[in-house]
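A note on names: the letters A, B, ... follow the listed sequences, proteins ahead of strands, and every chain is numbered from 1.
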Amino acid sequence: MTATLPSLTNLPTQYDPTTTEAKWQQVWESHEVFKADPDHPGEPYCIVIPPPNVTGSLHMGHAFEHALIDTLVRYHRMVGRNTLWLPGTDHASIAVSTLLDRELSSQGQRREDVGRDAYLERAWQWKQESGGKIVGQLRRLGLSVDWSRERFTMDPGLTQAVMTAFVSLYEEGLIYRGNYMVNWCPASQSAVSDLEVESREVEGNLWHFRYPLTSGKGYVEVATTRPETMLGDTAVAVNPNDDRYQHLIGQTVLLPIMEREIPIIADEYVDASFGTGCVKVTPAHDPNDFEMGKRHDLPFINILNKDGTLNENGGPFVSLDRFVARKQVVKRLEEEGFLVKVEPYKHTVPYSDRGKVPVEPLLSTQWFVRIRPLAERALACLDEQNSPEFVPERWTKVYRDWLVNLRDWCISRQLWWGHQIPAWYAISETGGELTEDTPFVVAHTAEEAQAKAIAQFGASVQLEQDPDVLDTWFSSGLWPFSTLGWPAKTQDFETYYPTTTLVTGFDIIFFWVARMTMMAGHFTGQMPFKTVYIHGLVRDENNKKMSKSANNGIDPLVLINKYGTDALRFTLVREVAGAGQDIRLEYDRKTDESASVEASRNFTNKLWNASRFVLMNLDGKTPAQLGTPRPVDLELSDRWLLSRYHQVVQRSREAIDQHSIGEAAKGLYEFIWGDFCDWYIELVKSRLQGEDARSRRTAQQVLAQVLEGTLKLLHPFMPHITEEIWQTLVQAENQQYLALQAYPTPDLALIDPQLEQAFVLITDTIRTLRNLRSEAEIKPGLRIAAVLQSEDDRERNILNAGRPYIQDLAKIASLTIARDFAPTTTDVGDVAIAAPTPPSIVTAPAVASPSSPPATATASAANTDIFLPFVLLLPFLLLVAFALAGIVAIVRLLISLATGTPIAIGWPQPSTGRTTVTAPAPLPPDIVPYPAQNIAGVTGTVQVLIPLAAVVDVDALRAKLSKTLSKVEADIATLTQRLNNASYVQKAPAAVVQSTRDSLAEAEKQAEILRERLQRLENS
RNA sequence: GGGCGAUUAGCUCAGCGGUAGAGCGCCUGCCUUACAAGCAGGAUGUCACUAGUUCGAUCCUAGUAUCGCCCACCA
């Protein structure tokens, strides 16, 4: 047994998440509880983890995302699906390279100094040592992943998949190599993809230059934000329709400094209305100019080295850094009179995502994926089958628009850590050097490449593998199927592919989701997942995006250590009701406290203590040993709780099925804290302590049954605490886990809205009584008398059925339920002393329960504080009442008493149950005298009175009644107005109109009661 | 320049055509034998603004404002 059954009396009153969570994480993993089995019955349910970077450490985004995924996965596992959640990590080429390069440079070295092999050795060593950090931290989240299937993007199997994909795409002409303009990051000295570039708005300048016409007849004026690029200008362009410059087209200008004669060309790209309408053209350093250069067959002059310094084409500025050169170019142009003006100019500059420096558009030879065919296929799946389906739906458009505009993908990176490109160059064909024109072969392995090359170039061929590695996202794009064994047709792949749901953030739709759908569409012929659940970001306490650079991250481990994993997870998940919305996490950086996580922690504690209470009252029996309660034994509160329970079962399942995970979490919170703890547990206490063995047993059965079901319902959200309690509750044998139990199924026959509605009358009455007590400052422990009056038979029946509950929870010693008050007010004060001995039948309900001491005892206890003559007077008053009441009432009472027939109540019973009410009370007297001194409230059409010796504060009471009355009168006005509206009555649904009529009737009754109350107050 | 989201109690957020909800915070009273990480009671809102649709709008439509995000090659 994993959870020893603790001595119940010694269970701590505070739940300790730390040891409990560590214990279950260890047990689940070591017992391989979440190991998937392709032969398991049930429809497969598979999620692959969005692989975190090996460089990473756990941040709040991970915690949030994994909390969501784990909730889904655990739920579906319990629902009976054949479930696999596959974990793993991503090699993060650029991030790791940056890290290692920095380490090297701190030792005064560059990666070239140590060499590729040694560098990679360090990288792997680093991966072994610190790469596991994130995985260890993930374990603290208690995820139900299958660790036996953990993958890393550079595992042999996944590398095999990458090679297969590359070679196949190459052979199909979907990968090509060529000299094109790429985004060059001078910091990492590598090409980066369009996606790895972010635009930043900067306060820059716009420099205006004059380029003299070669003809000597004047100048053209151009403007630029990057003056140094003028060194590589090879043309000036104007719009072909720009009348101002028609005569210049075809002429030339003399490029200052470089003294190069360059043509004036006409190109549609130029916007005649912007600036002077003349544009300098630098085909090697600007994407638009590159296109113009191609259109007009201009020379491409590269002026930059890989590190961002100027090369030999930079003329006098060779080897200067690009930004130093910029200043000097401007200075020189100014000196030579070519600078027209400088104006401040706000514009966007592309920055490298990783390197955090401006990228340079640079011509270089790179590998590209021809993206259109792949994108078109993904688009077809989306348009024809809405696949994948995005939740929330609005992301579909974002995804779609991106695919439509997608351009070829540069996949080569001038780095060493990653999948080295499987292309081998026949350097022997180009004098032993690797040049742009060196012929090459593409192959899965070096051996295969050798064979291919020999066939092509002869036995003496010398090969050299392409030094570059692939963009990390190339391998990530294969993740949903490479992790399942592709390209091999493994059983895992056959069973779990395509996966079910991908859960990720919107920031990753382009990077990852689209790459996966494109790759999967091409290689597997289907979309890799059925749905994509897009969640929002976790923002900090100031609603700022958490980021490393802002240093505003909130460490999940700090909160886990303080409040527990379950509390943190529940907080994150319950916040997410509006799916896809960002969530804000409350946090105090001085104390590392979070009010919202604390609230969830308090909830775990509430569950813990409620469970303690149940366990302490089951006589050491398990739910199974106690068995299911017999329907005939179920009391009103039992049936109410079961109705509430089955409703929450139904709602939880529906909510999770619709990805409304937050709503499910909140529903469970309310059920557990509100229905189960605040009401049901309080209601059964007297039964558990009482002498009615059958009632006690039934209460135990219901408690046990509902607690166990609730633990199952809550388990996907709070896996540790529920497992811990459940193990104890059921005294689980070895290898039995809550995580593997069946998720509850609602029994719709037990959901009884009418019964719940009736119960609300009882709870509202209790609330009203408590309210009155509180306002009259009656001591909380004091048991008092109270009168409930309603003309409605049904209401009185309900109240009578709920009599023990009302007496227990509102601490009422003697409760009178009356149809009406006697027409005369009696001054009861003096008569009280002379009251005769009470007939025993009347006080029976109060005496029945040990928790309700006899009225006389209460009254004597009350004497010290508030004199309660009414209690003593009751018998006498009742005699008066009998006299005043009609014969009918007496007859009814006598019949009821004589036959012992239970009083039927006015709502339908479950088909299985007998129509009984267990409340032992006799039929209440119909008419009672009106207590002269009292405080009163109203709920529904029930008048609630507490007789007092003296009303403490008449003014306060009057004010309160007046306030309530005016509120009710306002309601009456609105409702009347609505009902007087003919088109409303005509057009609105009948049920709505009826409920309006009911509301009006009730409001009018309330008003009547309140007016009468006020009237009596004035008279007293 | 396009597109998206948000705007509801002091704070964090649910809700959604039929008389406004929760948690936290606040006020009052309680160590009531599961829980003070708790219990009971209480106060609090022009549902951003303006028009429209509707018998009826916090909810639907169209604008406006503020905040935030994404995308975009105007030198």
Q) How far, in whole Å, is B:rG17 from B:rU12 if one measures between their C1' atoms? A)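 B:rU12 and B:rG17 have their C1' atoms separated by 27 Å.
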
(Q) Using a 4.0 Å heavy-atom cut-off, does A:K685 contact any base of the nucleic acid, only the sugar-phosphate backbone, or nothing at all? (A)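 The answer is base, as A:K685 lies within the cut-off (heavy atoms under 4.0 Å) of a base atom.
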
Q) Between A:E598 and A:V222, which is nearer to the 5' end of RNA chain B once each is assigned its nearest nucleotide? A)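 The residue mapped nearer the 5' terminus is A:E598.
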
Applying the Watson-Crick and G-U wobble criteria at under 3.5 Å, what pairs with [N]? Answer none if nothing qualifies.
{"N": "B:rG29", "answer": "B:rC39"}
{"N": "B:rC24", "answer": "B:rG10"}
{"N": "B:rG17", "answer": "none"}
{"N": "B:rA57", "answer": "none"}
{"N": "B:rA62", "answer": "B:rU50"}

Where the side chain of [X] is defined as all heavy atoms beyond and including C-beta, which of [options] is the nearest nucleotide?
{"X": "A:K987", "options": "B:rU12, B:rG23, B:rC55", "result": "B:rC55"}
{"X": "A:Y669", "options": "B:rU19, B:rA37, B:rG23", "result": "B:rG23"}
{"X": "A:W673", "options": "B:rG38, B:rU19, B:rC13", "result": "B:rG38"}

Q) Between B:rC13 and A:R584, is there an OP1 or OP2 to side-chain N/O distance shorter than 4.0 Å? A)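 It does, given that an N or O in the side chain of A:R584 lies less than 4.0 Å from OP1 or OP2 of B:rC13.
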
Q) Does B:rA37 have OP1 or OP2 sitting under 4.0 Å from an N or O in the side chain of A:N609? A)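 False: A:N609 side-chain N/O out of range (4.0 Å or more) of B:rA37 OP1/OP2.
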
Q | Donor-acceptor under 3.5 Å (A:D289 side chain, A:T282 main chain) | A |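 The answer is yes, because a donor-acceptor pair under 3.5 Å joins these two groups.
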
Q) With distance as the sole test, does A:N239 use its side chain to make a donor-acceptor pair with the main-chain N or O of A:V270 at under 3.5 Å? A)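 Confirmed, A:N239 side chain pairs with A:V270 backbone.
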
